[in-house]
Amino acid sequence: FKISDIIKNRRIVYYEYDIRDDDRPDIMAEKYYGDSRLDWLFFIVNQIYDPYYQWPLNQQQMDAYLRSKYGSPSVAMGTVHHYEQIVSPRKEYFSNFDNSVIMIPEQVVIVDQTTYLSLASTEKREVSVFDHEEDLNNKKRRIKILNEAFVPEFLRSVRTVFNAWLIG
């Protein structure tokens with residue numbers, strides 16, 4: 001079941017949410033939709049096909065994962081995953097026009113160890129396995145939540161599709 005690309009990115013239909021350490025899909029479904037059985041909505045809306053691997057780990061799960069893969073979190077912290085050259089550091093500007101802060105993100109490229117060693121200390125960064133795994137996990141935290149006003153219509157659409165599939 002695929003959500004139409006036309007409505008997938010409309011802010012009125014969805015809003016963005018950063019999953020916290022104690023968030024679980026069933027508890028979130030109860031909180032946002034009043035029914036824990038609607039936890040599957042988070043998966044469909046965010047194209048999560050395997051919740052075990054695509055839902056972010058909490059800190060306890062992350063520590064267990066690092067222990068199973070690397071022996072311990074401290075070993076992961078001490079193991080280099082890759083080297084980065086900082087091409088352009090992060091910059092923040094204050095806009096006099098609307099009193100907002102404009103942030104230009106840091107730009108980096110992955111380099112080999114030889115290139116890394118030739119760079120000035122302000123132009124390079126060593127990324128540990130721990131930091132790499134944590135970054136991957138944190139990228140999973142930003143999800144879209146279907147606005148509850150659209151849930152009844154969405155459920156009707158799902159029933160229609162599956163009823164047609166079962167009959168057909």
Side-chain angles (χ1 to χ4, degrees), residues 1-84 86 88-95 98-108 110 125-159:
F1 189 82
K2 186 178 180 214
I3 295 176
S4 168
D5 289 335
I6 296 169
I7 65 166
K8 185 167 55 175
N9 294 315
R10 289 194 180 168
R11 290 213 176 266
I12 193 166
V13 177
Y14 304 97
Y15 54 95
E16 292 186 346
Y17 178 79
D18 288 318
I19 297 171
R20 296 184 318 245
D21 222 26
D22 58 345
D23 285 336
R24 287 189 353 218
D26 59 333
I27 293 171
M28 291 174 60
E30 182 67 39
K31 179 179 175 182
Y32 290 101
Y33 306 131
D35 186 345
S36 64
R37 296 172 298 168
L38 295 177
D39 57 353
W40 58 272
L41 282 176
F42 299 115
F43 306 137
I44 286 181
V45 167
N46 292 283
Q47 298 178 343
I48 295 174
Y49 306 109
D50 187 346
Y52 186 77
Y53 290 104
Q54 291 178 289
W55 193 262
L57 302 174
N58 64 34
Q59 193 58 55
Q60 183 180 4
Q61 293 166 328
M62 187 66 164
D63 289 346
Y65 170 74
L66 292 171
R67 276 193 299 281
S68 72
K69 191 168 180 180
Y70 303 104
S72 72
S74 59
V75 169
M77 285 180 200
T79 305
V80 175
H81 184 270
H82 65 271
Y83 302 99
E84 294 178 344
I86 302 167
S88 175
R90 186 179 111 167
K91 297 176 183 168
E92 292 183 5
Y93 299 98
F94 182 75
S95 171
D98 63 359
N99 294 327
S100 66
V101 175
I102 300 167
M103 201 268 302
I104 300 173
E106 174 183 74
Q107 294 180 344
V108 299
I110 296 175
R125 176 180 23 249
E126 190 176 87
V127 178
S128 70
V129 166
F130 180 92
D131 290 337
H132 175 73
E133 295 285 0
E134 194 170 70
D135 185 50
L136 291 175
N137 192 53
N138 285 337
K139 286 179 180 173
K140 298 175 189 175
R141 293 191 182 283
R142 175 59 55 111
I143 64 168
K144 293 177 181 174
I145 295 180
L146 181 64
N147 184 317
E148 70 178 318
F150 294 93
V151 170
E153 178 62 30
F154 185 82
L155 293 176
R156 278 192 293 281
S157 297
V158 170
R159 279 189 208 100

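Note that the numbering runs from 1 along the sequence shown for the chain. Keep in mind it's a predicted model, so treat the numbers as computed, not measured.
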(message) Salt bridge or not between Arg141 and Asp21? Use side-chain N to carboxylate O under 4.0 Å.
(response) yes
If I take atom [atom1] from residue [X] and atom [atom2] from residue [Y], how far apart are they, to the nearest 0.5 angstrom?
X: His82; Y: Ser128; atom1: NE2; atom2: OG; result: 9.5 Å
X: Phe130; Y: Met62; atom1: CZ; atom2: CE; result: 6.5 Å
X: Gln107; Y: Arg90; atom1: CD; atom2: CZ; result: 13.5 Å

(request) Sorted by first residue and then second, give each salt bridge (Lys or Arg N to Asp or Glu O under 4.0 Å) pair with at least one member in residues 59-77; sequence neighbours left out. (result) Lys69-Glu133
Nearest non-hydrogen partners of [X] and [Y], listed with the distance:
X: Gln47; Y: Tyr49; answer: O-CE1, 3.4 Å
X: Leu66; Y: Ala76; answer: CD2-CB, 4.2 Å
X: Met28; Y: Trp55; answer: SD-CZ2, 3.8 Å
X: Asp23; Y: Asp18; answer: OD2-O, 4.3 Å
X: Asn46; Y: Lys144; answer: OD1-N, 2.7 Å
X: Val80; Y: Glu126; answer: CG2-CD, 3.4 Å

Any side-chain heavy atom of [X] within less than 4.5 Å of one from [Y]?
X: Asn99; Y: Phe94; value: yes
X: Ile86; Y: Glu106; value: yes
X: Ile145; Y: Ile143; value: yes
X: Ile19; Y: Lys140; value: no
X: Leu41; Y: Leu38; value: yes
X: Leu155; Y: Pro152; value: no

(message) Using a 3.5 Å distance criterion without hydrogens, assess whether the side chain of Asn58 forms a donor-acceptor pair with backbone atoms of Asp22.
(response) no
Is the [atom1] atom of [X] crowded by more than 12 outside heavy atoms at less than 6.0 Å?
X: Tyr53; atom1: OH; result: no
X: Arg142; atom1: CZ; result: yes
X: Glu92; atom1: CD; result: yes

(message) Ring centroids only, cut at 6.0 angstrom: are Tyr17 and Phe42 within range, meaning strictly under it?
(response) no
(message) Assess, by modelled atom type and distance only, whether the side chains of Glu134 and His132 contain a donor and an acceptor separated by less than 3.5 Å.
(response) no
(request) May I have the step-by-step check of side-chain contact (heavy atoms from CB on, under 4.5 Å) for Leu146 and Tyr32, ending in yes or no? (result) CA-CA 9 Å; Leu146 181 64; Tyr32 290 101; over 6 Å; no
(request) Decide yes or no on side-chain contact (heavy atoms from CB on, under 4.5 Å) for Tyr65 and Leu57, but give the supporting numbers first. (result) CA-CA 9 Å; Tyr65 170 74; Leu57 302 174; 4.0 Å; yes
